[in-house]
Amino acid sequence: MTRAFLPGLTVALGVLALGLLVAFTVGRYPVSLTELVDVLLARLTGRPSGAPAAVENVVLLVRGPRVIAAVMVGAALAVAGTAFQGLFRNPLVSPDILGASSGAALGAVLGIYFTLGVIGIEVLAFAGGLIAVAAVYVIGSLLQSRDPILVLVLTGVVVGALLGAGVGLVKYLADPYNQLPAMTFWLLGSLAATTVSDLVPLTVPIVLGTAVLVALRWRLNVMSLPEDEARALGVATGPLRIAIVTAATLVTSASVATSGIIGWVGLVVPHLARALVGPDFPRLIPTAAVLGGGYLLLIDTLARTAAPVEIPLGILTAVIGTPFFIWLLAGMQRTWS
C-alpha cells in the first residue's frame, strides 16, 4: 500500500523536534526554552549570550554532544535495520544479524581487559564489528547454496554465538572489581560519557555509510525481491549485496563503538517508518533515519531523568521495545506489504 510521504515524514520530524526540545531543557539542571534559544542563537551568530555561564556550559558542553550522538546513533541503527530487513526480506532482522554487535562487543571488552584508553576501546570495537561481518561473509561465500541470503543469516547467528562466548570468556578472566563492572556497563549501552571529541570518529563512518545506503535506495527495492527476479532485472546481486552489507555494518559498528550495545532500535523503528510512508526505500530510509534519531533521543532523555541513577539504554530499549514490537506483530502483515 502506498502511503503519502510528506505526512509521514512530518510525523517523524515532529518526533525528532520533540526529542530535541525535551533533551535540551529537561534534566537535573533545568534549562528554560528562552535560555536555550538564547544560547543557540548566540553560538550561531557569534554574539555574547545573555544566559548564565552554567546554562551555556550545560547546553553546549554537557547535553549538546550527547544529543548529537543520540540522534546520529539512533538514525544509524534505524537505517541499518531498514537496509538489512529489505536485503534479507525478513521483518525480524536487526543490524546485529551478521555479528556486527557481537564483534564490536568482543573488541570493546578486550580493550577494557588490556586497560586501553577510550580511543583504543572504540577502535577495537569498531574493528571487531567489521572483522566479524567480513568473516561471516567469507564463510557464507564459501558455502555453496541456492539461497545465499539464508546461508548468510545462519552463518551470522553461528558466528555471533561464538563471539558471544568470547565476550563471556573475557568477562570471566577480567578483574571483578574494576574491569568487569566497566565491561558490564559498556555492554548495557550508554551515552553518558559522550564528549565533543567523540563526535568526529562517530560522524565520519555514519555519514559515509548512510550516504552509500541513500545512494542505493532505488536498488534496495529490487534487492527486496527474490534472488532470481532481481537478477532477471539485470541487477548484479552479489556486488550490490556486499556494498549494502558493508555500508550497514559501517554505521552499526561506529554506533556500537561509541554507545555500546543498544538493541531494538534497528528492529522497531523500521516498522514504524514503514507504517508511516510504506515500503518504498527512497521514502523509507530518510523517514527511518529521522524517526530513529528522535526515538533514541527520547529514550536517552528518559534514561537520565527517570531515576536518581542513570538507566542503561539497552535496558530501556528492551523494556519499551518488547511490548511495542509484540503490538507491531499484529499489524506486520499490513505494514510489510
Side-chain angles (χ1 to χ4, degrees), residues 10-33 35-37 39-40 55 57-81 94-96 101 181 184-195 198-199 202 206 252 255-273 275-276 287-328:
T10 301
V11 172
L13 288 171
V15 172
L16 178 59
L18 176 64
L20 289 170
L21 180 61
V22 172
F24 273 116
T25 57
V26 176
R28 290 177 176 82
Y29 191 101
V31 176
S32 68
L33 183 59
E35 291 173 330
L36 174 62
V37 172
V39 170
L40 295 179
V55 172
N57 288 334
V58 167
V59 171
L60 298 179
L61 300 180
V62 179
R63 293 181 187 166
R66 183 167 181 163
V67 166
I68 295 173
V71 172
M72 287 196 297
V73 169
L77 293 175
V79 168
S94 60
D96 57 356
S101 296
T184 303
F185 180 76
W186 188 90
L187 290 172
L188 289 175
S190 176
L191 292 168
T194 305
T195 62
D198 295 323
L199 296 180
L202 174 66
I206 285 181
T252 301
S255 301
V256 173
T258 301
S259 62
I261 307 296
I262 302 177
W264 292 95
V265 177
L267 180 61
V268 172
V269 173
H271 287 278
L272 290 174
L276 290 174
T287 305
V290 174
L291 194 60
Y295 175 79
L296 188 58
L297 196 52
L298 290 172
I299 295 293
D300 184 56
T301 302
L302 181 64
R304 62 180 175 81
T305 58
V309 179
E310 183 166 322
I311 304 172
L313 288 176
I315 294 177
L316 268 184
T317 54
V319 169
I320 295 173
T322 302
F324 192 68
F325 189 71
I326 292 174
W327 174 75
L328 280 175

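All values reported here derive from a predicted model rather than from experimental measurement.
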* Partner set under salt bridge (charged side-chain N to carboxylate O under 4.0 Å, His left out) for Arg66, not counting sequence neighbours ->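 Arg66 satisfies salt bridge (charged side-chain N to carboxylate O under 4.0 Å, His left out) with Asp300, Glu310 only.
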
If you take all heavy atoms of [X] and [Y], which pair is closest and at what distance?
X: Leu291; Y: Ala273; value: CD2-N, 3.8 Å
X: Ala78; Y: Ala288; value: CB-O, 3.3 Å
X: Ala289; Y: Val79; value: CB-CG2, 3.6 Å
X: Val265; Y: Pro270; value: O-CD, 3.7 Å
X: Leu191; Y: Ser259; value: CD2-CB, 3.5 Å
X: Ala80; Y: Thr252; value: CB-OG1, 3.4 Å

* Under 3.5 Å donor-acceptor, Thr317 side chain and Gly263 backbone ->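 Between the backbone of Gly263 and the side chain of Thr317 there is a qualifying donor-acceptor contact (under 3.5 Å).
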
* Do Leu298 and Leu302 pass the side chain to side chain contact (heavy atoms under 4.5 Å, CB included) test, and can you show the C-alpha distance, the side-chain angles, and the key distance before you say yes or no? -> CA-CA 6 Å; Leu298 290 172; Leu302 181 64; over 6 Å; no

For the [atom1] atom of [X] and the [atom2] atom of [Y], what is their distance to the nearest 0.5 Å?
X: Leu313; Y: Arg304; atom1: CG; atom2: CZ; result: 11.0 Å
X: Ile261; Y: Ser255; atom1: CD1; atom2: OG; result: 10.5 Å
X: Asp96; Y: Leu77; atom1: CG; atom2: CG; result: 9.5 Å
X: Leu316; Y: Ile299; atom1: CG; atom2: CD1; result: 6.0 Å
X: Ile262; Y: Ile315; atom1: CD1; atom2: CD1; result: 12.0 Å
X: Met72; Y: Leu202; atom1: CE; atom2: CG; result: 4.0 Å

* Asked: Can you tell which of Leu297, Val59, Val58 makes a side chain to side chain contact (heavy atoms under 4.5 Å, CB included) with Phe24?
  ->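 Filter result, single survivor: Val59.
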
Side chains of [X] and [Y], heavy atoms from C-beta outward: is any pair under 4.5 Å?
X: Val71; Y: Leu20; answer: yes
X: Tyr295; Y: Ile320; answer: yes
X: Leu33; Y: Leu21; answer: yes

* Taking only residues at least two apart or on different chains, which pairs with a member in residues 23-32 satisfy salt bridge (charged side-chain N to carboxylate O under 4.0 Å, His left out)? ->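 Not a single pair qualifies under salt bridge (charged side-chain N to carboxylate O under 4.0 Å, His left out).
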
* Those residues that, when tested against Ser32, pass side-chain hydrogen bond (donor to acceptor under 3.5 Å, both in side chains) (two or more places apart) ->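 By the side-chain hydrogen bond (donor to acceptor under 3.5 Å, both in side chains) rule, Ser32 matches Glu35.
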
